[in-house]
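On a predicted model such as this, the values are computed, not experimentally measured, just so you know. Lettering follows sequence order; numbering is per chain, from 1.
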Protein chains: 2
Amino acid sequence: MTGDGDRGDADPGGEAPERRASSEVISAVMEDYIKAIYAIERDTGERVSTSALADYLDVTAPTVSSMIKKLAERGLVDREEYKGVTLTDDGELVALEILRHHRLLESFLTEQLDYSWVDVHDEADRLEHHVSQKLSDRIAEALGNPPVDPHGDPIPDADLSLPDAGDAVRLVDAEEGDRVVVQRVRDQGDAELRYLADAGVWPGAELVVVDVAPFDMLTVETPSAEQSLPADVARLIEVEPATDDEGA
Amino acid sequence: MTGDGDRGDADPGGEAPERRASSEVISAVMEDYIKAIYAIERDTGERVSTSALADYLDVTAPTVSSMIKKLAERGLVDREEYKGVTLTDDGELVALEILRHHRLLESFLTEQLDYSWVDVHDEADRLEHHVSQKLSDRIAEALGNPPVDPHGDPIPDADLSLPDAGDAVRLVDAEEGDRVVVQRVRDQGDAELRYLADAGVWPGAELVVVDVAPFDMLTVETPSAEQSLPADVARLIEVEPATDDEGA
DNA sequence: ACATAGATTTAGACGAGTCAAATAATTGGA
DNA sequence: TCCAATTATTTGACTCGTCTAAATCTATGT
């Protein structure tokens with residue numbers, strides 16, 4: 001039968017409650033800026049400069065300058081001239097919503113459509129802007145509301161609160177001789193992730209830190225070999241001490 | 001790269017062969033025009049006029065005029081001044097690719113994410129432009145390469161050939177007293193589909209044609225009631241004679 | 001056959017998002 | 001302190017997709 005089933009289709013009329021103050025449309029491009037600001041802010045703990053954003057998004061500084069003015073007008077960022085931006089509460093909600101879409105898509109693609117965890121980022125990056133709240137909720141449900149995505153990154157739940165990420169520490173901050181389990185490999189481009197996967201670094205992998213960052217290099221021992229990782233890559237890997245019952 | 005913030009499409013791992021002559025990027029907007037031309041052409045069997053397209057897409061005639069000029073430059077349509085357009089072979093491939101994405105998405109949403117068949121069109125319309133060939137192939141595989149979508153429309157297969165649609169006839173061309181089974185309800189906006197679903201008309205439903213189009217109206221009897229349908233709606237419903245072992 | 005209603009195209013403008021070149025503010029060093 | 005180097009912003013221009021108004025083509029009816 002051709003699926004006439006109306007199941008628990010819920011909300012026929014109104015889609016979902018407003019989460020942001022202004023419900024103006026936000027373009028996919030704007031969403032990319034907001035995502036970037038969120039990521040850089042999280043990463044550096046500081047206001048995000050025009051040039052950092054330009055770098056991250058691979059556009060020129062003037063382009064960023066004009067866009068953050070628009071974002072400021074819409075109340076999504078807090079802009080101080082010549083001092084960079086931070087997200088407002090509204091802006092952060094937007095970021096969390098995109099993050100939720102992105103991470104749910106990644107989870108879905110790996111778990112239900114057999115994608116590899118290194119292969120999933122670009123697809124999610126394109127789709128995240130076009131997924132409705134309803135669809136992401138359905139995906140979450142189908143996956144049993146997972147707390148983390150395939151890279152170990154926490155997935156904001158339906159009300160956009162971010163699950164506690166645990167007390168993992170950056171690999172670069174680990175000490176020589178530590179035996180650690182990888183918790184998260186920050187979701188970057190496919191190429192970087194493929195490199196790490198080849199190096200034996202993925203969520204759940206157990207590493208021994210052999211040597212730490214003499215010249216921005218860090219060496220770890222994986223089950224199969226000894227690997228050197230650039231420190232700026234190691235910054236994006238978070239680990240917890242290995243407990244004995246966790247290795248296998 | 002810098003450009004549209006979207007379209008990373010390419011194929012990093014050499015995912016799939018080129019299907020079109022020119023592999024220039026086609027924007028989501030262009031794709032909508034091509035989809036529309038395909039639909040109107042199929043529907044009327046004639047060259048598609050500027051105004052028909054403007055109507056269909058809800059833009060003005062000059063907008064269409066300039067866009068079809070671009071489509072013609074890219075070799076996707078065959079344009080004759082003041083005489084409308086038809087798709088070239090290349091244009092038809094684009095249309096079929098979008099159609100495949102759209103119909104696979106609809107199938108997936110209904111079968112795996114519990115969407116109702118009337119509810120699925122808008123979501124698919126947004127996503128279809130951002131789904132990679134790889135993803136649609138994975139979806140097709142996960143669904144067992146279905147030949148038709150939830151509305152009964154045929155899904156182009158991986159090499160973009162359209163499965164034989166059978167010998168269904170438009171409901172409006174049926175005769176009084178015919179007992180028929182709905183094969184396809186053309187995929188229009190959610191509102192129209194909801195109306196039809198409420199009227200008891202969906203793929204697989206069995207109808208008796210009570211009265212045909214005296215004043216552009218047609219009356220059918222569904223299991224639950226007698227329903228009048230405007231002829232232009234009935235044109236979009238395709239039926240086959242009911243065989244006795246098919247009703248239940 | 002020809003005037004005219006109707007459809008189509010052309011012309012000009014605009015907002016979004018981008019860039020390069022020019023200008024302005026900030027910061028760090030002498 | 002003051003100036004040079006760095007970083008940010010402004011300016012002007014370009015593409016894309018859209019619009020309105022105006023010009024032009026087609027087709028129709030008498």
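If you take CD of B:E81 and P of D:dA27, they are 13 Å apart, rounded to a whole angstrom. For the pair A:M30 CE and C:dG17 P, the interatomic distance rounds to 6 Å; values are reported in whole Å. For B:Y82 and D:dC25, the OH to C1' distance is 4 Å, given to the nearest whole Å. Taking atom CD of B:E73 as the reference point, atom C1' of C:dT9 lies 15 Å away to the nearest angstrom. For the pair B:D55 CG and C:dT8 P, the interatomic distance rounds to 10 Å; values are reported in whole Å. A:L71 places its CG atom 13 Å from the C1' atom of C:dA16, with the value rounded to the nearest Å. Going from atom CD of B:E31 over to atom P of D:dC16 covers 16 Å, rounded to whole Å. Atom P of nucleotide D:dT9 and atom NZ of A:K69 are separated by 8 Å, given to the nearest angstrom.
When heavy atoms are screened at a 4.0 angstrom cut-off, B:S66 is found touching base atoms of the nucleic acid. Base engagement by B:T63 is indicated by at least one non-hydrogen atom pair under 4.0 Å involving a base atom. Across all strands shown, B:T60 has heavy atoms under 4.0 Å from base atoms, whether or not it also approaches the sugar-phosphate.
In terms of the ring-ring contact (aromatic ring centres under 6.0 Å, His included) criterion, B:Y33 has no residue partners (sequence neighbours excluded).
With D:dT9, D:dG17, C:dT8 as the candidates, the nucleotide lying closest to the side chain of A:P62 is D:dT9. Here D:dC16 is the nucleotide among D:dC16, C:dT27, D:dA8 with the atom lying nearest to any side-chain atom of B:K70. The nucleotide whose nearest atom lies closest to any side-chain atom of A:T50 is, among D:dA8, C:dT9, C:dT27, D:dA8. Closest to the side chain of A:V59, from the set D:dG17, C:dT18, C:dA7, is C:dT18. Checking D:dG17, D:dT9, C:dT10 against the side-chain heavy atoms of B:V29 singles out D:dG17 as nearest.
To the nearest 0.5 Å, atom CE of residue A:M30 and atom CD1 of residue A:I34 are 7.5 Å apart.
Ring-centre distance between A:H101 and A:H130: not below the 6.0 Å cut-off. Aromatic rings of A:F108 and B:F108 (six-membered ring for Trp) have centroids within the 6.0 Å cut-off, being under it.
In this structure, A:K35 forms no cation-pi arrangement with A:Y56, as its terminal cationic atom is not both closer than 6.0 Å to the ring centre and no more than 45° off the ring axis.
Contact check, B:S51 against C:dG6: no side-chain N or O comes under 4.0 Å of OP1 or OP2. In terms of phosphate contacts, A:R47 brings no side-chain nitrogen or oxygen within less than 4.0 Å of OP1 or OP2 of D:dA8. For D:dG17, one of the phosphate oxygens OP1 or OP2 lies less than 4.0 angstrom from a side-chain nitrogen or oxygen of B:S27.
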